[in-house]
K.L.:
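One structure is given below, represented as structure tokens, and several questions about it will come after.
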Number of protein chains: 2
Amino acid sequence: MSSSEPGTAPPAAPRMDGRTGPARLQGLPTRLLSLAATHSDRLVNEGLAAADARKWHYAVLATLEESGPASQAELSRRTGIYRSDLVSVINELTDRGLVERAPDPADRRRNVITMTERGRARFARLDTLITELEDEVLAPLGPAERDQLARLLTRLVDHHARRDG
Amino acid sequence: MSSSEPGTAPPAAPRMDGRTGPARLQGLPTRLLSLAATHSDRLVNEGLAAADARKWHYAVLATLEESGPASQAELSRRTGIYRSDLVSVINELTDRGLVERAPDPADRRRNVITMTERGRARFARLDTLITELEDEVLAPLGPAERDQLARLLTRLVDHHARRDG
DNA sequence: TACTAACGTTAGTCAGACGAACGAATGTGA
DNA sequence: TCACATTCGTTCGTCTGACTAACGTTAGTA
């Protein structure tokens, strides 16, 4: 009642995306970034979960594939996974027989993580899967736009990574 | 040729950003998206925390400012905050005297959330703050690039929002 | 009246990012 | 050589955010 009508004619959002929210809010790049990342993460996580994997599994396997055996600390640095969180990731990978964890004879503080044959095969499959998922996430964009997006995001990430490094 | 050869001499990442990880991993748009969003969220959260606020506070205040009083369910739809999470957000805002929660006489299932004078002043300050924080996040990009990024992200968000809507 | 749906709320799950601290091992400087 | 600092793997815990389940109340509808 009384003048202004807040309850009148809200087009009703399709889901939890704030799609029908205020313009100011909706245009904020930081919000768009969060929202886009949420959608992207969800798709990727679901896709990987369907294959009994997680993002971190892929990250670790990709690193091992490219640089060979490494300590957990090194994997942590290369993948961006905190060393405290890496513990369980390596556990999961050893449970699945994809990597092996052995004490480093040269430095007994360390473990050497090595990819197994199964791990290598697994990585190949996951790599294909990831490619498909990336494609699904970027579906609405053309090749040039995807490049553009990747470049812009890289600039952002590089900038902020150095700052608090 | 100069300094970008992975393999034997990894230059040790500055921090938890996976900056020195494998090229394949590092170029993945979904990863860049997550990373960028993480940096962005951190900056925004820290900035708002220093002003005793959170993202959701701003989102709710912005919605009330633009559309006037609303029920919690409506705020949920417009901001994208789940209605279960909105409860505590409204609590925090009422604790700070920024909004008022009153039962809706027209529909006793609902609460009507109304912004107070303090709330309005608060929103103005937060809005300025947010603008500064956005600027900090987008620092490495020029105006045209910021626009481009916002457009691309909007396309992504729109696309995925409709899909699971 | 009986069924259905919306609303606010509580409680809880799950993933990710991150900090604190600790024992074991190693490196370093006096 | 001894003391101190650092690194490593690990456990535990915190915080935010997204999301589900369920429940009592209230409204709308068949």
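Letters A, B, ... are given to chains in the order of the sequence lines, protein chains preceding strands, and every chain is numbered from 1.
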K.L.:
What verdict does the side chain to side chain contact (heavy atoms under 4.5 Å, CB included) test give for B:S34 and A:K55, after you've listed the backbone C-alpha separation in whole Å, the side-chain angles of each residue and the deciding distance to 0.1 Å?
P.N.:
CA-CA 11 Å; B:S34 287; A:K55 277 166 62 177; 3.6 Å; yes

K.L.:
How far apart are the C-alpha atoms of B:E134 and A:T30, what are their side-chain angles, what is the distance that settles it, and do they pass the side-chain hydrogen bond (donor to acceptor under 3.5 Å, both in side chains) test?
P.N.:
CA-CA 7 Å; B:E134 291 275 338; A:T30 56; 2.4 Å; yes

K.L.:
Please give, in whole Å, the distance from C:dC14 C1' to A:E92 CD?
P.N.:
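The answer, rounded to whole Å, is 13 Å.
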
K.L.:
Without decimals, in angstroms, what is the distance between B:I113 CD1 and C:dC7 P?
P.N.:
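To the nearest whole Å, that distance equals 13 Å.
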
K.L.:
With sequence neighbours excluded, tell me which residues meet salt bridge (charged side-chain N to carboxylate O under 4.0 Å, His left out) with A:R24.
P.N.:
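B:D127.
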
K.L.:
Go through the structure and list residues passing side-chain hydrogen bond (donor to acceptor under 3.5 Å, both in side chains) with B:D107, not counting sequence neighbours.
P.N.:
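Testing B:D107 for side-chain hydrogen bond (donor to acceptor under 3.5 Å, both in side chains), a comparison that skips the adjacent residues, returns B:R109.
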
K.L.:
Five pairs per end, C1' atoms only: what is the angle between the end axes of the helix from C:dT1-D:dA30 to C:dA30-D:dT1, to 10 degrees?
P.N.:
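Angle reported: 10°, given to the nearest ten degrees.
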
K.L.:
Grab the CZ-C1' distance between B:R42 and D:dC15 for me, whole Å please.
P.N.:
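So the two atoms are 14 Å apart, to the nearest Å.
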
K.L.:
Would you say A:R125 has more than 12 foreign heavy atoms packed within less than 6.0 Å of its CZ?
P.N.:
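At most 12 heavy atoms, drawn from other residues, nucleotides or ligands, come within 6.0 Å of this atom.
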
K.L.:
Check nucleotides 8-11 of chain D against the protein and report each pair of N or O atoms closer than 3.5 Å, with its distance, or say if there are none.
P.N.:
residue : atom : partner : partner atom : Å
D:dC8   : OP1  : A:R77   : NH2          : 3.2
D:dC8   : OP1  : A:R110  : NH2          : 3.4
D:dC8   : OP2  : A:R77   : NH2          : 2.6
D:dG9   : OP1  : A:Q72   : N            : 2.9
D:dG9   : OP1  : A:N111  : N            : 3.2
D:dG9   : OP2  : A:A73   : N            : 2.5
D:dG9   : O3'  : A:N111  : ND2          : 3.2
D:dG9   : N7   : A:R83   : NE           : 3.4
D:dG9   : O6   : A:R83   : NH2          : 3.0
D:dT10  : OP2  : A:Q72   : OE1          : 2.9
D:dT10  : OP2  : A:Q72   : NE2          : 2.9
D:dT10  : OP2  : A:R101  : NH1          : 2.8

K.L.:
Can you check the B:L93 CG to C:dG8 C1' distance for me, whole Å?
P.N.:
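It works out to 16 Å between those atoms.
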
K.L.:
Indicate yes or no: does A:R54 engage A:E92 in a salt bridge with an N to O separation below 4.0 Å.
P.N.:
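A salt bridge is present here (some side-chain N lies under 4.0 Å from a carboxylate O).
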
K.L.:
Starting at atom CZ of A:R108, determine the distance to atom P of C:dA25, rounded to an integer number of angstrom.
P.N.:
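So the two atoms are 6 Å apart, to the nearest Å.
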
K.L.:
Can you tell me how far P of D:dT16 sits from CD1 of B:I81, to the nearest Å?
P.N.:
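Atom CD1 in B:I81 sits about 14 Å away from atom P in D:dT16.
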
K.L.:
Quick one: side chains of residues 44-51 of chain B, donor-acceptor pairs under 3.5 Å with protein atoms, not counting sequence neighbours, listed by atom name and distance.
P.N.:
residue : atom : partner : partner atom : Å
B:N45   : ND2  : B:D41   : O            : 3.2

K.L.:
Check for a donor-acceptor pair, side chain of A:S88 on one end and backbone N or O of A:N91 on the other, with a separation under 3.5 Å.
P.N.:
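Side chain of A:S88 to backbone of A:N91: no pair is present.
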
K.L.:
Between A:R110 and A:D104, is there a donor-acceptor pair closer than 3.5 Å when you use the side chain of the first and the backbone of the second?
P.N.:
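Not at all, since once roles are kept as given, no pair shorter than 3.5 Å links the two residues.
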
K.L.:
Using whole Å, what does the distance between atom C1' of nucleotide C:dA17 and atom CG of A:L86 come to?
P.N.:
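After rounding, the gap between these two atoms is 14 Å.
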
K.L.:
Which of residues 49-58 of chain B sit near DNA chain D, with a heavy atom under 4.0 Å from it?
P.N.:
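Here the set is B:R54, B:K55, B:W56.
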
K.L.:
Measure the distance from CG on A:D104 to P on C:dA24 and round it to the nearest whole Å.
P.N.:
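Interatomic distance, CG of A:D104 to P of C:dA24: 19 Å.
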
K.L.:
Does B:N45 make a side-chain N or O approach to OP1 or OP2 of D:dG17 shorter than 4.0 Å?
P.N.:
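Checking B:N45 against D:dG17: at least one side-chain N or O falls below 4.0 Å of OP1 or OP2.
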
K.L.:
Using every non-hydrogen atom in the two residues, find where A:V112 and A:P69 come nearest and quote the distance to one decimal.
P.N.:
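Heavy-atom minimum between the residues: CG1-CB, 3.9 Å.
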
K.L.:
Please compare A:A106 and B:T38 by the position of their nearest nucleotide in DNA chain C and report the one closer to 5'.
P.N.:
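Whichever sits nearer the 5' end wins; that is B:T38.
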
K.L.:
Between A:R77 and A:E74 (salt bridge meaning N to carboxylate O under 4.0 Å), is one present in this structure?
P.N.:
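So A:R77 does not pair with A:E74 through a salt bridge.
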
K.L.:
Which sits closer to the 5' end of DNA chain C, A:P105 or B:S34, going by the nucleotide each is nearest to?
P.N.:
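Result of the comparison: B:S34.
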
K.L.:
Phosphate oxygens OP1/OP2 of C:dC18: is one of them under 4.0 Å from a side-chain N or O of A:Y82?
P.N.:
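For A:Y82, the contact criterion (side-chain N or O under 4.0 Å from OP1 or OP2 of C:dC18) is met.
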
K.L.:
Determine whether a donor-acceptor pair (N or O, by modelled atom type, separation under 3.5 Å) exists between the side chain of A:H57 and the backbone of A:L93.
P.N.:
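No; zero donor-acceptor contacts below 3.5 Å.
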
